[in-house]
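Side-chain atoms are counted along with the backbone in the values below, which use heavy atoms only and exclude waters and symmetry mates.
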Amino acid sequence: YALEYSELEVASIYYNMGNAYLEAGQYKNALTAYDNALDYSSENQKKHVQILNKQGLCYFRMGRMESSKNSFLDLLNMEQDLSPNNQRYLGMAMHNLGNVYQSQSRLDSATLFFHRALSLKNGKQKFITYMDLGELFIKEGKLIKGRALLDSAIQIHSQLSLLPDN
């Protein structure tokens, strides 16, 4: 007899396959898996935004910046409908858009999205955004601003280091 899986379970299987392919550098296979996962995730908002984020990261690694940007923008277009539990994915998408724009030398747009990401993130995620934004300013020759952002990253990191591992 055949086992029956819910749409969320099928989406999760394809999502996990996509993640494995992504980590193995098999980007076309990852994209196929993510596309299949999207077909089954429409009823589960959290899984849907996770898939869009990973799809965008896969395109980014392939150097397909417009496709990457579109995946992240699709996620951001869901902003009005996202439940409070899924708001953190907006911060991830904004951060990732910052990376896309930075890779395209669109530094004003990158800065804008990194700043928007900071307002939606906390903990380790905020640390990463401060780091990337600080490095962007240093590359632009804005050393004082870059240093201040990197100092903020260090301060967050030291607070994270003090948290218990449980």
Side-chain angles (χ1 to χ4, degrees), residues 15-16 18-28 30-31 33-34 37 45-166:
Y15 175 73
N16 291 334
N19 290 342
Y21 285 129
L22 181 65
E23 292 309 311
Q26 296 178 23
Y27 303 129
K28 288 182 182 181
L31 288 175
Y34 293 139
Q45 185 182 73
K46 179 179 179 181
K47 184 58 66 183
H48 198 76
V49 295
Q50 286 174 327
I51 297 164
L52 286 172
N53 190 55
K54 286 292 184 129
Q55 182 185 57
L57 290 172
C58 187
Y59 282 126
F60 184 85
R61 290 187 186 175
M62 294 174 79
R64 293 177 54 187
M65 295 307 150
E66 285 304 308
S67 296
S68 178
K69 181 177 76 171
N70 289 336
S71 290
F72 298 131
L73 289 174
D74 285 348
L75 196 161
L76 291 182
N77 287 333
M78 298 173 64
E79 179 174 9
Q80 300 282 334
D81 301 323
L82 284 181
S83 69
N85 291 341
N86 294 327
Q87 292 289 313
R88 70 187 191 104
Y89 295 104
L90 291 174
M92 289 179 188
M94 288 181 193
H95 179 104
N96 292 332
L97 272 168
N99 284 329
V100 169
Y101 288 125
Q102 183 176 359
S103 75
Q104 296 175 323
S105 298
R106 295 175 59 189
L107 301 183
D108 289 341
S109 295
T111 301
L112 172 74
F113 277 99
F114 282 138
H115 278 293
R116 288 180 66 195
L118 284 172
S119 69
L120 294 166
K121 295 173 121 188
N122 55 39
K124 184 178 179 183
Q125 293 297 319
K126 196 167 208 162
F127 161 76
I128 292 168
T129 301
Y130 271 120
M131 247 181 29
D132 286 354
L133 187 56
E135 290 173 8
L136 182 141
F137 277 106
I138 287 173
K139 287 177 186 173
E140 285 186 359
K142 299 176 181 175
L143 302 179
I144 294 171
K145 179 86 172 169
R147 171 72 193 266
L149 290 161
L150 292 174
D151 285 343
S152 295
I154 290 169
Q155 187 175 33
I156 289 171
H157 186 267
S158 67
Q159 293 168 357
L160 292 173
S161 300
L162 298 176
L163 295 176
D165 291 334
N166 45 335

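When all heavy atoms are compared, the tightest approach of I51 to A37 is CD1-CB, 3.4 Å. Contact detail for A93 and L76: the closest heavy-atom pair is CB-CD2, 3.9 Å. Between G18 and A30 the shortest heavy-atom distance is O-CB, 3.5 Å. Between Y15 and Y34, the shortest heavy-atom distance links the atoms O-CE2, 3.7 Å. Across all non-hydrogen atoms, the minimal contact from Q50 to Y89 is NE2-OH, 3.0 Å. Contact between F60 and V100 at its shortest, heavy atoms only, is CD1-CG2, 3.7 Å.
Not one N or O on the side chain of S68 forms a donor-acceptor pair closer than 3.5 Å with the backbone of R64. The closest donor-acceptor contact from the side chain of Q45 to the backbone of M78 lies at 3.5 Å or more, if one exists at all.
Shown here are the side-chain hydrogen bond (donor to acceptor under 3.5 Å, both in side chains) partners of K126, two or more places apart in sequence or in another chain: there are none. Evaluation of the side-chain hydrogen bond (donor to acceptor under 3.5 Å, both in side chains) rule for N53 yields N96 as partners, not counting sequence neighbours. Residues satisfying the side-chain hydrogen bond (donor to acceptor under 3.5 Å, both in side chains) criterion with E66, sequence neighbours excluded, are K69, Q104. For K142, the salt bridge (charged side-chain N to carboxylate O under 4.0 Å, His left out) criterion is met by E140, not counting sequence neighbours.
The salt bridge (charged side-chain N to carboxylate O under 4.0 Å, His left out) pairs that include a residue from residues 106-119 number zero, where partners must be two or more places apart or lie in different chains.
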key: Verdict with supporting geometry, L57 and K54, side chain to side chain contact (heavy atoms under 4.5 Å, CB included)   = CA-CA 5 Å; L57 290 172; K54 286 292 184 129; 4.2 Å; yes
task = For side chain to side chain contact (heavy atoms under 4.5 Å, CB included), just list the numbers for Q55 and D74, CA-CA rounded to whole Å, side-chain angles, deciding distance to a tenth of an Å, and then say yes or no.
result = CA-CA 11 Å; Q55 182 185 57; D74 285 348; 5.5 Å; no
task = Begin from the C-alpha positions of E23 and N19 and carry the test side chain to side chain contact (heavy atoms under 4.5 Å, CB included) through to its verdict.
result = CA-CA 6 Å; E23 292 309 311; N19 290 342; 5.6 Å; no
message = I'd like to know whether L22 forms a side chain to side chain contact (heavy atoms under 4.5 Å, CB included) with Y27, so could you lay out the CA-CA distance, the side-chain angles of the two residues, the decisive distance to 0.1 Å, and finally the verdict.
response = CA-CA 6 Å; L22 181 65; Y27 303 129; 3.8 Å; yes
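Within a 6.0 Å radius of CD1 in I144, other residues, nucleotides and ligands contribute 12 heavy atoms or fewer. By the 6.0 Å contact criterion, CZ on R61 is enclosed, its count of non-hydrogen atoms from other residues, nucleotides or ligands being greater than 12.
Taking NZ of K46 as the reference point, atom CZ of R88 lies at 6.5 Å (rounded to 0.5 Å). Atoms OH and OG, on Y59 and S67 in that order, are 5.0 Å from each other to the nearest 0.5 Å. Interatomic distance, T111 OG1 to L149 CG, rounded to the nearest 0.5 Å: 9.5 Å. Here the straight-line distance linking atom CG of N70 with atom CG of L52 works out to 11.0 Å at 0.5 Å rounding.
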Identify all side-chain donor-acceptor contacts of residues 128-137 below 3.5 Å with residues at least two apart in sequence or on another chain.
| from | atom 1 | to | atom 2 | distance (Å) |
| --- | --- | --- | --- | --- |
| T129 | OG1 | H95 | ND1 | 2.6 |
| T129 | OG1 | K121 | NZ | 2.6 |
| T129 | OG1 | Q125 | O | 3.3 |
| D132 | OD2 | H95 | NE2 | 2.8 |

